There are 2 protein chains.
Amino acid sequence: MTVTIYDVAREAGVSMATVSRVVNNNPNVKPATRKKVYEAIERLGYRPNAVARGLASKKTTTVGVVIPDISNAIFAEVARGIEDIANMYHYNIILCNADKKKDKEIRVINTLLEKQVDGLLFMGGAVTEDHLVAFRTANVPIVLCATSDENDQIPSVDINHEEAAYDAVMKLISQGHRRIAMISGTLQDPANGFARFQGYKRALEQAGITYDDTLVRIGNYRYESGVEAMKYFIELPERPTAVFSATDEMAIGAIHCIQDSGLTVPGDFSVISVDNSRMASMVRPQLTAVAQPMYDIGAVSMRLLTKLMKKENVEQSKVLLPHEIVVRQSVGGVQA
Amino acid sequence: MTVTIYDVAREAGVSMATVSRVVNNNPNVKPATRKKVYEAIERLGYRPNAVARGLASKKTTTVGVVIPDISNAIFAEVARGIEDIANMYHYNIILCNADKKKDKEIRVINTLLEKQVDGLLFMGGAVTEDHLVAFRTANVPIVLCATSDENDQIPSVDINHEEAAYDAVMKLISQGHRRIAMISGTLQDPANGFARFQGYKRALEQAGITYDDTLVRIGNYRYESGVEAMKYFIELPERPTAVFSATDEMAIGAIHCIQDSGLTVPGDFSVISVDNSRMASMVRPQLTAVAQPMYDIGAVSMRLLTKLMKKENVEQSKVLLPHEIVVRQSVGGVQA
DNA sequence: CTGTTAGCGCTTTCAA
DNA sequence: TTGAAAGCGCTAACAG
């Protein structure tokens, strides 16, 4: 039924070793022989069995990527960076969605490891002790991508989320805002949640503004939670004049909530966020945001992983990529 | 280094066959033995090698999913449906992005087949002769998901794109619009492109409106191309009063273009599209759209694939799911 | 430059 | 209920 390397060998009148060589581009084959083999392959429609190959060679040329939420545009862009570099180095990638659920993440990591991937890229989300346990039992390299673990035990590439948030809030402060609200992600999320919240607080402190926890709402990164949070802020007796959102999508929810209430951006409220996804331009007014280099985060982490898989030694295993602020139209000076 | 089934067998004082049985939940194992084996597994931290297992059993319990564009929200939602059902039937899925490039699609299909997936789900995009060739050489079942081939040779699940488009345009016509523009996808794309364009034409014809090709622009499904197309329509000497967009994202681009020109929706232009992605609510005015049941398309196609993989016989191999129109705020009556 | 021959780690008859 | 043993399709020494 299925044609194997053995069938090809017979058809071409050579040994399977020779067929294996031509399939793997081993230079030690006489051109004439190579041609014969290729013809046999063609004639028989031979397709190498990657499973058998993986078992024999103990390499699958496949890296597993766990993505916390496939419907999040940020991760999609990171994935694109991962892919391009993976292709460049002739690795296949298998993407596994984990639905933002910790237990599913662990499950997926183990599945990937059972499938004998040559390396693992773990994207986004919190890295808990359970993750670390799963990682430790892996005997392939692992790189964290757009996240990092608390003690920097695992190689990672990311931006400095705390600083990105700090910069965003500072932008608001530089425009004269003093009463600045925040729509945060869950504080359990070290990167998009906790770190950005810390940056927010530091900026306030720096500017001598006392932190007020009535000005902070926790969202779930979805549009609707941005709407909800903003609704709350608008109803506050003493409204903020600016809002810092941990992510673009919630920021857009906030903008629409403001507009639906008959108020304006940036007239009544300035809005800024961290991410700068494609969405930032897909709203009116367009969103001012601190940009994280999603594609690069993916590309660099994949590149790091290839080095690790080839056992090249790497200078630094924790890399922080630069971020920058992209000014559009959602931030203005404070109302007179 | 790595612990194998043989190590576990020795540690537990049984044969590898027995270990294999407990790992695979074969009932023919005495509970006491089973317990011993589990303990040995625990003690050694044994993780079954899926590659070896796949080679021996000729099954990988894995299905390959090729997704044309990972950054497209529609496909993300379909993928979610696929996943849920896959998990339910204990299949792993490996997602491969094909970047909307035909040659990459073919490459990815072949890679997946080499990896010995038990089935293949091909999402979106055109199904060309080259695809069919790759599919034919596969000896595992394949189902098309959110697309279909010209002659319905391959099992598929989708909506009736032609009818969906027809319904959308009819909605516009019922509101009194006669001069209706379309932002189409490429006509090479059978589903989102060609079929929706056909539906547009049929609706016009039905209403006795003569088709005018200056009112059709081809976009690439991106926001920016919606903006471009709309810019063109606005500058037309004889402007349309309504716009039908093949997809949500282009529709949103069109809406913003209208607003940026100082015009309004639905005052100056009504806008309608097919998709009804999450984005449809993330714009002001909110987008009226014909909803395709993305999640269901994914779920049903995966369910169909499981049947095919188990060689159960299926009644119909081409299933069309129903669509419906979701009225929001972007469509109004024609100006007096 | 090419062939022979062990495995890779597991499943699966077949016997016991 | 358990074990022995034969592969699954391929790679990788090693020999020639």
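A, B, ... follow the sequence lines: proteins, then strands. Residue 1 opens every chain. The shown structure was predicted, so the numbers you read here are calculated from the model rather than taken from an experiment.
Remark: A:Ser20 is in phosphate contact with D:dT11, judged by side-chain N or O atoms under 4.0 Å from OP1 or OP2. Taking 4.0 angstrom as the limit, B:Tyr6 places none of its side-chain polar atoms (N or O) nearer than this to OP1 or OP2 of D:dG3. Distances shown here put every side-chain N or O of B:Arg53 at or beyond 4.0 Å from the OP1 or OP2 atom of C:dG9. Considering only side-chain N and O atoms, B:Thr18 lies under 4.0 angstrom from the phosphate OP1 or OP2 of D:dG3. Residue B:Thr2 has a polar side-chain atom (N or O) positioned under 4.0 Å from OP1 or OP2 of C:dG9. A close approach under 4.0 Å does not occur between any side-chain nitrogen or oxygen of A:Ser15 and OP1 or OP2 of C:dT2.
Counting to the nearest Å, the C1' atom of D:dC10 and the CZ atom of A:Arg10 are 16 Å from each other. To the nearest angstrom, P of D:dC8 lies 18 Å from CG of B:Asn49. Here D:dG9 presents its C1' atom at 15 Å from NZ of B:Lys115, a figure rounded to the nearest Å. Here D:dT11 presents its P atom at 11 Å from CG of A:Asn26, a figure rounded to the nearest Å. Taking atom NZ of A:Lys35 as the reference point, atom P of C:dC1 lies 17 Å away to the nearest angstrom. Atom P of nucleotide D:dG9 and atom OH of A:Tyr46 are separated by 10 Å, given to the nearest angstrom. We find that CG of B:Leu55 is positioned 9 Å from C1' of C:dC8, with the value rounded to whole Å. Following rounding to the nearest Å, A:Lys36 (NZ) and C:dC1 (P) show an atom-to-atom distance of 14 Å.
Looking at B:Tyr221 and B:Asp69, their side chains never bring a donor and an acceptor atom within 3.5 Å of each other. Side-chain polar atoms of B:Asn87 and B:His90 form no donor-acceptor pair below 3.5 angstrom. Side chain to side chain, B:Thr62 and B:Lys115 fail the donor-acceptor criterion of an N or O pair below 3.5 Å.
Which of C:dT2, C:dC8, C:dT11 sits closest to the side chain of A:Lys58 comes down to C:dC8. In the set C:dT11, D:dA12, D:dT2, the nucleotide with an atom closest to the side chain of A:Ser57 is D:dA12. The A:Ala17 side chain lies nearest to D:dA12 when the options are D:dA12, C:dC10, D:dC8. Among the nucleotides D:dG9, C:dC1, D:dT11, the one closest to any side-chain atom of A:Asn24 is D:dT11. Closest to the A:Met16 side chain, of the nucleotides D:dT11, C:dT11, C:dC10, is D:dT11. When distances are taken from the side chain of B:Arg21 to each of D:dC8, C:dG3, D:dT2, the shortest belongs to D:dT2. For A:Val14, counting side-chain heavy atoms from C-beta on, the closest listed nucleotide (D:dG9, C:dG3, D:dA4) is C:dG3. Listed nucleotides: D:dT1, C:dC10, D:dC10. Nearest to the side chain of A:Ile5: D:dC10.
Across the interface with DNA chain D, nearest-nucleotide mapping of A:Gly54 and B:Asn28 shows B:Asn28 to be the residue nearer the 5′ end.
Residues A:Arg136 and A:Gln153 are in side-chain contact: their nearest non-hydrogen atoms beyond the backbone lie under 4.5 Å apart.
The residues A:Asp103 and A:Lys101 are annotated as not salt-bridged, no charged nitrogen and carboxylate oxygen being separated by less than 4.0 angstrom.
If you check every strand for non-hydrogen atoms under 4.0 Å, A:Thr4 touches sugar and phosphate atoms only.
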Derivation and outcome, salt bridge (Lys or Arg N to Asp or Glu O under 4.0 Å), residues B:Lys36 and B:Glu11: CA-CA 9 Å; B:Lys36 265 196 312 189; B:Glu11 174 81 11; over 6 Å; no

